Amino acid sequence: MSIAKTYTPADVEAKWYQRWQEQGFFKAKPNPRKPAYSVVIPPPNVTGVLHMGHMLNNTIQDVLVRRARMQGKEACWVPGTDHASIATEAKVVALLKEQGIEKRDLSREEFLTHAWDWKEKYGGIILEQLKKLGASCDWDRTRFTMEPELTEAVLRVFVDLYQKGQIYRGIRMVNWDPQGRTAISDEEVIAKDTVAKMYYLRYEVVGGENSAVKTENLETEGAEQHEAQLSALTSKFLLIATSRPETIMADVAVAVNPNDERYTHLHGQKVRIPLLGREIPVILDEYVAMDFGTGGLKVTPAHDLNDYELGIKHNLPVIDILNDDGTLNEKAQLYVGQDRFAVRKQIAKDLQEAGLLEKIEDYNSVLQTSERTGAVIEPKLSLQWFCKMDHMAKKALEVVENDEIKLHPPKFKNMYRVWMENVRDWCISRQLWWGQRIPAYYLPDGSFVVALNQEQALEQAREQSGNANLQLTDLRQDEDVLDTWFSSWLWPISVFDGFKDPDNADINYFYPTDDLVTAPEILFFWVARMIMAGLEYRKEVPFRNVYLTGIVRDDQGRKMSKQLGNSPDPLDLIATYGADGVRTGMLFSSPAGNDLLFDIKLVEQGRNFTNKLWNAFRLTQGWEVNAELPFASAKAVEWFGAKLQATVAELDEHFAKFRMSDALMTVYKLVWDDFCSVYLEMVKPAYQAPIDAETLKHTIGYLETLLKLLHPFMPFITEEIWHELKERGPKEYLCVAPWPKLAPVAGGAELLSRMDKALDIVAGVRNIRNQKGLGPNKPLTLAAKTDDAQLLQDYDGIIRKLAALTEVTLTDAAPAASVGFVSGGSEFFVPLEGQIDLGAEKARLEKELEYTRGFRDTVLKKLSNEKFVQNAKPDVLERERQKQTDAESKIAALEQSLAAL
RNA sequence: GGGAGAUUAGCUCAGCUGGUUCAGAGCAUCUGCCUUACAAGCAGAGGGUCACUGGUUCGAACCCAGUAUCUCCCA
């Protein structure tokens, strides 16, 4: 026998992954004889490399998919990647820059050539890495959100929604990313708390007394005088608080609340913008908060959403002083060409020198930043394309509310509802090149048509303009591309070609998909919108269950990130601990929706578990069979059969509730505790003694069942052992073996509870061994005072073997010089000549007696409570009575033991 | 500022419609073991006023109210 003592995953993982692929086990096609099970991968960005979040997410998907496959479903896991418009473009731009090439020097086509090169080179890395993890995707179905077919789907949807009036073009305040130089959606904005400065600026009142007041005076005078001076000052100046002094050149008004008595004298007046001197009106609006700042608000419609709305209401002009890159343009008149933040510093100085800066205060505010580039977002008015959300959101909310789609854990339902009820129109245009170009074509007269391709656009344009001579060259396609999510929201449909060919066999069979596994942070970005698209284009939800994973954090609770350097390299982990070890390690601590505090110890635990399994297998391979021997382990076999059945039922329940961690723990304990520590110890023959054929047959059968249950979690080692156990047919792989479906064992509950009692006796003996320092193998005997002699008779062999007893006898009284324990209602004694400490033994018994009496008393108290007896359900009452009986017999046993000492 | 969720052993978490076990698991800890499958192991043990304060109930970790702390979402 030469099976390695330690399992080495590296030796087998690549081999089995290759065989599975060769056998085509991961391939799925419509099969009317089988129920479909499908999952679409959340397509990783082509910019990414595998990180711990992918490991968790894809492990969970693989567990679900592998189990479904074993359950006899046509399991289809569709992989693919996402073109990640802004992130990829940024990477390519940076790479070109390193080579000394500027994007602006390239034509669109030239740039895209570079981008595609980049995608071909790096875009598939993550998918290759997922194979190392064991992901059982149908690789033939690998899709890319920007491939021709999926691009066509995107364009079709754009045209269709435009024709339905769901997509429109309009000037709106958008979130502008000056670094990416593109608009981004509301959902891509991250708010960060920050301490900013509040600048108090003096706007000179036109026609007021034009004498500057020195700030120093204000600071040195007393409070009363200060007030007096301040009020004098307000007749000359209006004090305005702003966190963005660099935007004053874009001011078109200042606003005060009409109810604000401090400013009544300013109604109908004008003020001058500091430094610039331009006159702007004082407008009245109840929107202005009187208790914020000074109660005066500068109105800058081009650079603030609220101001923009005020501007519309009061019919104010719009002055946009910012370039796309965040520098000031000539409309600002001052500081032209300088960056907005540089200007902020400079203007504060200049204002100070001009005596127009009253003071600067710290101020807690929220900084809006770009999820993609980290740049501070600039609210910017621009002409963009929008997709209406209200109608689609309403329907997408309904299906989650009525559980047609279930979120796991359900706590996310609340979040989802709030978002769907407050959703705003979706800005879908991006000022980038990498992505699907918006299929809108502008005519020379400035009007436009929307069409699937140039030919159709030309046709429409001729019709619309009445000019039959219009040529393609007269048309100019919109320069912008679509938001990446505008392609990913179609993913569950487009991967099955559901737009090109809405009635094809694949989509009819695999759609709706079953489960989606993703991160809560893209619940709205992606999940909600897939639901919208599904309902819009298939009239059916895209999936039934959404399992939301947590964020992988380090053991200090910090999010894993490259910058912190606190993330292990997943491939190193796999190389060190094996894919199976890593998979189980990740799952050990990942209840649905909770963040996972990654700890290498858990991966170690996973690795140890594979080794445990390996050694259980090794044990069974070391046995020699003697066909002459009678079946020696009937009790053990019978018990484990019942245990297995009960556990499989429990396991299926965990899966049904998407409790992956609990499911894993259930099998873990079944294998380690019940199978290895108990069952194998029961059936294991003495050293070099042979085993009987019947016991071996059952044991191998059980091991095979365990391998099946483990396979979704640990595909590699289980497949390896499966094939080591015996010669298998060419198609006979564990990967496609049927999932155990066990019928309830007659009297199973009774079998389990009887064995529990027997094992409790074993534990009692072992405890005494430990206490007395006797070692595990010193031969002992056991005397029992019990009403259940049958138990001892039935389990005699097991008890003696596991507790290393030479004999178990019945007795009426405690033997002299023995240590006792109580189990169930019975009393047990281990005679120990010369090793008894009478005092200690007495103390121990008394302690237990006191405790048991206390317990009995609480039970009695309950039972003597009339209201309890009246109100409690019969089974509860019955249990309490049982407790009383058990406690009383235990007390009697203890009392006798004490008396016998 | 508005909303949601959480608080149970040293750590990470279960605990279903209140009632099997005067609270469970894994890890960690402690004790003893290199016992012929496994020291990546075996056997055993200790460890909790279920955040706090009230209330409802025969009975509360669980239901209700308030307080404190934390997390997330939205502004």
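The shown structure was predicted, so the numbers you read here are calculated from the model rather than taken from an experiment. The analysis underlying the following values was restricted to heavy atoms, covering all of them including side chains, and did not include hydrogens, waters or symmetry mates.
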According to side chain to side chain donor-acceptor pair (under 3.5 Å), who are the partners of [X], at least two apart in sequence or on a separate chain?
X	answer
A/His723	A/Glu719
A/Arg754	A/Asp788
A/Glu720	A/Lys15, A/Trp16

Rounded distance in Å - [atom1] ([X]) to [atom2] ([N]):
X	N	atom1	atom2	result
A/Lys801	B/U35	NZ	C1'	14 Å
A/Phe598	B/C13	CZ	P	15 Å
A/Asp599	B/U12	CG	C1'	9 Å
A/Leu752	B/U20	CG	C1'	16 Å
A/Arg881	B/G19	CZ	C1'	14 Å
A/Trp672	B/A43	CH2	P	10 Å
A/Leu780	B/A43	CG	P	17 Å
A/Glu521	B/U71	CD	C1'	15 Å

Whole-Å [atom1] distance, [N] and [M]:
N	M	atom1	result
B/C73	B/U56	P	39 Å
B/A60	B/C52	C1'	16 Å
B/C63	B/U8	P	15 Å
B/G18	B/U57	P	16 Å

Please name all residues satisfying salt bridge (charged side-chain N to carboxylate O under 4.0 Å, His left out) with [X], sequence neighbours left out, ordered by chain then number.
X	value
A/Asp11	none
A/Arg424	A/Asp186
A/Asp572	none

Short heteroatom pairs, N/O only, protein and nucleotides 26-30 of chain B, under 3.5 Å:
{"unit_1": "B/G26", "atom_1": "O2'", "unit_2": "A/Gln605", "atom_2": "NE2", "d": "2.9"}

Side chain of A/Asn770 only, heavy atoms from C-beta on: which candidate in B/A40, B/C38, B/U31 is closest?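 Of the candidates, B/U31 comes closest.
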
Return the minimal non-hydrogen interatomic distance between A/Phe609 and A/Val667, and the atom names on each side.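 Reported closest heavy-atom pair: CZ-O, 4.5 Å.
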
A/Val678 and A/Asp674: which non-hydrogen atoms are nearest, and at how many Å?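 That would be CB-O, 3.4 Å.
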
Selection: residues 674-682 of chain A, any non-hydrogen atom under 4.0 Å of RNA chain B: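 Close to the strand are A/Cys676, A/Ser677, A/Glu681.
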
Ion pair A/Arg417/A/Glu401, N-O distance below 4.0 Å: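 The answer is yes: the pair qualifies as a salt bridge.
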
For nucleotides 72-75 of chain B, list the nitrogen or oxygen atoms of the protein found under 3.5 Å from its nitrogen or oxygen atoms, one pair per line.
none

Using only heavy-atom distances, decide whether a donor-acceptor pair under 3.5 angstrom links the side-chain of A/Lys5 to the base of B/C38.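 It does not, because no donor-acceptor pair links the side chain of A/Lys5 to the base of B/C38 below 3.5 Å.
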
Taking atom types as they are modelled, is there a donor-acceptor pair under 3.5 Å from the base of B/A40 to the side chain of A/Arg607? yes

Would you check if the distance from the ring center of A/Tyr7 to the ring center of A/Phe617 is below 6.0 Å? no

Ring centres of A/Phe675 and A/Tyr679 under 6.0 Å apart? yes

Which nucleotides of RNA chain B pair, in dot-bracket form (Watson-Crick or G-U under 3.5 Å, | meaning another strand): (((((((..((((.....[....)))).(((((.......))))).....(((((..]....)))))))))))).

Which part of the nucleic acid does A/Arg766 contact within heavy-atom distance under 4.0 Å: base, sugar-phosphate only, or nothing?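 Touches sugar-phosphate only.
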
Just checking A/Asn611: base, sugar-phosphate only, or nothing, at a heavy-atom cut-off of under 4.0 Å? base

If only side-chain N and O atoms of A/Arg659 are considered, is one of them under 4.0 Å from the OP1 or OP2 phosphate oxygen of B/A25?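 The answer is no; no side-chain N or O of A/Arg659 sits under 4.0 Å from OP1 or OP2.
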
Using OP1 and OP2 only, check whether a side-chain N or O of A/Lys867 sits under 4.0 Å from B/U57.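 No, because none of the side-chain N or O atoms of A/Lys867 sits under 4.0 Å from OP1 or OP2 of B/U57.
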
Applying side chain to side chain contact (heavy atoms under 4.5 Å, CB included), name anything that partners A/Ala10, two or more places apart in sequence or on another chain. none

Decide yes or no on side-chain contact (heavy atoms from CB on, under 4.5 Å) for A/Asp304 and A/Tyr308, but give the supporting numbers first. CA-CA 6 Å; A/Asp304 183 281; A/Tyr308 176 65; over 6 Å; no

With sequence neighbours excluded, what pairs up with A/Phe868 under the ring pair (Phe, Tyr, Trp, His ring centres under 6.0 Å) test?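 Scan of A/Phe868 (ring pair (Phe, Tyr, Trp, His ring centres under 6.0 Å), adjacent residues dropped) gives none.
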
